[in-house]
Amino acid sequence: MVRVSLSTGEKGEFPSGVTVREVLEKLNPRILRDVLVAKIDGRLVDLSHKIEKDCVVEPVFFEDREGKETFWHSTAHVMAAAVKRLFPEAKVTIGPPIENGFYYDFDYHRSFTPEDLEKIEEEMKKLVEEDHPFERVEVSKEEAVKLFSDMGEDYKVELINEIPDHVVSLYKTDGFVDLCRGPHIPSTGRIGAFKLLSVAGAYWRGDESNKMLQRIYGVSFPTKKQLKEYLRFLEEAKKRDHRRLGKELKLFLIDEDVGPGLVIWLPRGAVVRKVIEDYWKKKHEEAGYQLVYTPHVGKGRLWEISGHLDFYRENMFPEMKIEEVSYFVKPMNCPFHIYVYTSELRSYRDLPFRLAELGTVYRYEKSGVLHGLMRVRGFTQDDAHIFCTPEQVEDEIKATVEFAISMLKDFGFNDFNIYVSTKPDKAIGSEDMWELATGSLVKAAEELGLEYEIEEGEGAFYGPKIDITINDAIGREWQCSTIQFDFNLPERFNLTYRDKDGKDKRPYMIHRALLGSLERFFGVLIEHYAGAFPVWISPVQVRVMNITDEQADYALEVADILKASGIRAEADVRNEKIGYKIREAEKEKIPYMVVVGNREKAEKTVSVRRKGRGQLGTMKLEELIAAVKNEIDNKITEV
RNA sequence: GCCGGCGUAGCUCAGCUGGUAGAGCAGGGCACUCGUAAUGCCCAGGUCGGCGGUUCAAGUCCGCCCGCCGGCUCCA
């Protein structure tokens, strides 16, 4: 007998070899309809798993992360089964769950078309209706190799040969057998709704030198309603797309005649940028940074010393020669900041030495990776470098992480994810340096009470880093801040400081960007707010509209007074109906719309409409100014 | 860069199997002087991404190039 208890509290005794499903039937039959898999001792198992010893069983549902993963993974199997039914020559490879759904890669002599996807969906529907169980079978590696090579599934054979265990597990769904660790949901009938979203090429094992496979993406849910909701989310994301809004709101322009990945900031967008820049500079000065400006190009020799020509050349715009001398456009600001550091003999008294610059850099990015403002070829980093002693590292890191978060909060982001990347296999710098640096990153996160994840081996070869990503209004994650140690450049440029003991020592160098780049950050802001910026950032804060020509002079006067109060205001005195003007202002997402008619003109008041809230009623001009100022000064981000 | 899709007026898009381009919005003009998301009428506007080719004839078919979109790889 085995004693089994559920994480929900129920307990019971069963004969050894009882399945998870049988246990649930006995102890908590109500959840049987929704439970997908179970967790025993931290391991996920099928409901058909046989229990041989005392344990606690934790039922897992779609609502759990692991439940979703299993659900999507199982759907990927169903899709593969459908593909094999329709295209028997297609070879299967891998089909994992991803953040929002799943994919499966196939090797097929041509790519799948949208029509193929429809057919595959139809076939999947049949498989779901037929409600096939996912059956687990364990076989020896030899047997598995024979089975899959007989079927001509070379990729599976390759995978099996890399598994260290002697026994591998297979899952059968109808006639389809797949090598798979599992577990799976009980049967295909559980997949209430699914949709295949797109086809794309993908390299076998993500390696450019390998064969390109056909990847099909999809999502699935237990109910149709959930699928509908997800599709609505995709629609919402589309509406917020910064490329679309950038055009609609006249914020920026990327034109093929100018060059792909090169951004032109239109006047409205430039206002937003100026607001960000002014704020950023003020905050940096307050935080003890010194602002500098550095050139856009530098001699080849400089990039040789820095090592960029060795390890970064493929991302740099090509060489140009001026009077026989080689120059490169800068892909990074660091070498220049180093020359600020070395412009004087530095003493330990000078440290920490913090330099900041909104430095515009150019990087050659492969054409296929460019994406609106998020991935461009010319961008302005909100860059800074901190030079400090080993003793100062911890405080500097902690202060920098705090600084990053306070800044992001001012822009209305309150939901963060923190990742600490540790030493990769190939790295420079001593073990001690890595330890001190990595330890300071972890400690900073811990002392600030932030949850973080360790990304093992994901650091750069020259040092560990901590990245901060933000979650936007509809839950999407964006990379912004990065704080990186650099053990490479101080060596290469032979940086030193004179310590108390009179000896010259090597400073630690920390490279960091808080917003990331102004371009990307702008893109994130646009998507987060769907173009309706908080008042302090909004290109136009107030638009004054008259009802008839009679109040045009008053509208202009009101706008002038607002402007004189430091508010970005403008008047719309065109001969149009008020409804039309309001509609335009709404579409332009202007936060404050002020209407003036004869009543307001006579009373010297204004009728105020706040975007997102509707009409606020009639008030004195001073009241309006106070309301707008309040939102600006306190950086109010919620309407 | 690689795989797939797309590229028609400033914008959003229509244009079946080849016969020589159309709508809405925006823009210009006129009338209307109007209370919180579209007043009406008129006008103008396109070497159909570029270059070649097939054809009596190409926006429609073929090739190459450029750009964009979705992925892969990479990343601020």
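Below, read A as the first sequence line, B as the second, and so on, with proteins coming before strands; counting in each chain starts at 1.
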Between B:rU8 and B:rA23, how many Å separate the two C1' atoms, rounded to a whole number? 13 Å
Just checking, is any N or O donor in the side chain of A:R574 or A:Y580 under 3.5 Å from an acceptor N or O on the other one? no
For the C1' atoms, the ones on B:rG63 and on B:rA21, what distance do you get once it is rounded to whole angstrom? 25 Å
Within the modelled atom types, does a donor on one side and an acceptor on the other bring the side chain of A:Y203 and the base of B:rC3 under 3.5 Å apart? no
Once you apply the 3.5 Å cut-off to both distances, tell me the Watson-Crick or G-U wobble partner of B:rC48, or none. none
Could you tell me how far B:rC11 sits from B:rG46 if I compare only their P atoms? Round to whole Å. 14 Å
A:E256 side-chain proximity, nearest of B:rU33, B:rG67, B:rA76: B:rG67
Quantified in whole Å, what is the C1' atom distance between nucleotide B:rU17 and nucleotide B:rG28? 41 Å
Remember a base hit wins even if backbone is also touched, and classify A:Y217 as base, sugar-phosphate or nothing at under 4.0 Å, heavy atoms. sugar-phosphate
What is the pairing partner of B:rU39, taking Watson-Crick or G-U wobble pairs with both distances under 3.5 Å in any strand? B:rA31
Between A:D472 (side chain only) and A:R476 (backbone N and O only), is there a donor and an acceptor less than 3.5 Å apart? yes
Checking only heavy atoms, does the side chain of A:E314 share a donor-acceptor pair with the base of B:rG1 at less than 3.5 Å? no
Please check this pair: side chain of A:K601 against backbone of A:E550, looking for a donor-acceptor N/O pair closer than 3.5 Å. yes
Base, sugar-phosphate, or nothing: which does A:G201 touch, judged by heavy atoms less than 4.0 Å apart? base
Now, which nucleotide makes the Watson-Crick or G-U wobble pair with B:rC2, with each of the two distances under 3.5 Å? B:rG71
Both A:I547 and A:L213 contact RNA chain B. Taking the nearest nucleotide for each, which residue is further toward the 5' end? A:L213
Between A:L370 (CG) and B:rG71 (C1'), how many Å, whole number? 14 Å
May I ask you to say what A:V361 touches in the nucleic acid, namely base, sugar-phosphate or nothing, with a heavy-atom cut-off under 4.0 Å? nothing
Sticking with atom C1', work out how far B:rG49 lies from B:rU60, rounded to a whole angstrom. 16 Å
Touch check for A:N598, heavy atoms < 4.0 angstrom, all strands: base, sugar-phosphate only, or nothing? base
Would you indicate whether A:E89, at its atom CD, is surrounded by more than 12 heavy atoms from other residues, nucleotides or ligands within a distance under 6.0 Å? yes
Side chain of A:S607: nearest nucleotide among B:rG35, B:rG1, B:rA37? B:rG35
From CZ of A:R574 across to P of B:rU33 the rounded distance in Å is 19 Å
From the candidates B:rG1, B:rC2, B:rA76, the one with an atom nearest any side-chain atom of A:M212 is B:rC2
Could you tell me whether the side chain of A:R609 has a donor or acceptor atom within less than 3.5 Å of a complementary atom in the base of B:rA37? yes
P atom, B:rG5 versus B:rC62: distance in rounded Å? 12 Å
Can you tell me the base-pairing partner of B:rG59? Count Watson-Crick or G-U wobble geometry only, both distances below 3.5 Å, and say none if there is no partner. none
Can you name the atoms? Protein N/O to nucleotides 38-45 of chain B N/O, anything below 3.5 Å, with the distance.
from: B:rA38; atom 1: N9; to: A:R583; atom 2: NE; distance (Å): 3.4
from: B:rA38; atom 1: N7; to: A:R583; atom 2: NE; distance (Å): 3.4
from: B:rA38; atom 1: N7; to: A:R583; atom 2: NH1; distance (Å): 3.0
from: B:rA38; atom 1: N7; to: A:R583; atom 2: NH2; distance (Å): 3.2
from: B:rA38; atom 1: N6; to: A:R583; atom 2: NH2; distance (Å): 2.7
from: B:rA38; atom 1: N1; to: A:R583; atom 2: NH2; distance (Å): 3.3

Closest approach to the side chain of A:F379, judged atom by atom: which nucleotide of B:rG1, B:rA76, B:rC34 is it? B:rA76
Taking CG from A:N333 and P from B:rA76, how many angstroms apart are they, rounded to a whole number? 13 Å
Which is more 5' along RNA chain B, the nucleotide nearest A:E584 or the one nearest A:T548? Just name the residue. A:E584
Just how far, in rounded Å, is P of B:rA76 from NE2 of A:H371? 16 Å
Using a distance-only criterion (donor-acceptor N/O pair, under 3.5 Å, no hydrogens), is the base of B:rC3 paired with the side chain of A:R215? no
Between B:rC61 and B:rG18 - C1' atom distance, rounded Å: 8 Å
Verify whether the ring centers belonging to A:F87 and A:Y108 lie closer than 6.0 Å. yes
Any donor-acceptor pair under 3.5 Å from A:E600 side chain to A:G597 backbone: yes
For A:E248, answer base if it contacts any base atom (sugar-phosphate contacts may also be present), sugar-phosphate if it contacts only those atoms, and nothing otherwise; contact means non-hydrogen atoms under 4.0 Å. nothing
Parallel under 30°, tilted from 30 to 60°, perpendicular over 60°: which one fits the rings of A:F485 and A:F487? tilted
note: A:K581, atom NZ; B:rC34, atom P; distance rounded to Å ~ 12 Å
Under a 3.5 Å cut-off for both contacts, is B:rA23 paired Watson-Crick or G-U wobble with anything, and if yes, with which nucleotide? B:rU12
Hey, is the main chain of A:G457 close enough, under 3.5 Å, to the side chain of A:T422 for a donor-acceptor pair? yes
Classify the side chain of A:R520 versus the base of B:rC75 as yes if they form a donor-acceptor pair under 3.5 Å and no if they do not. yes
Applying a 4.0 Å non-hydrogen cut-off, can you work out what A:K247 is touching in the nucleic acid: base, sugar-phosphate, or nothing? sugar-phosphate
Please determine if a side-chain N or O atom of A:R243 lies less than 4.0 Å away from the OP1 or OP2 oxygen of B:rG70. yes
Measuring only the C1' atom in each nucleotide, how far is B:rC56 from B:rU73? A whole number of Å is fine. 50 Å
Test your reading of the model: is there a side-chain donor-acceptor pair from A:E477 to the backbone of A:N471, 3.5 Å cut-off? no
Near-ring test A:W265/A:F522, centroid separation under 6.0 angstrom: yes
note: A:I590, atom CD1; B:rA37, atom C1'; distance rounded to Å ~ 13 Å
Taken to the nearest whole Å, CZ/A:R377 to C1'/B:rC75 is 14 Å
Pair A:N598-A:Q551, side-chain donor/acceptor within less than 3.5 Å: yes
Base, sugar-phosphate, or nothing: which does A:G368 touch, judged by heavy atoms less than 4.0 Å apart? base
Length of the line joining A:M374:CE and B:rC68:C1', which is rounded to integer Å: 17 Å
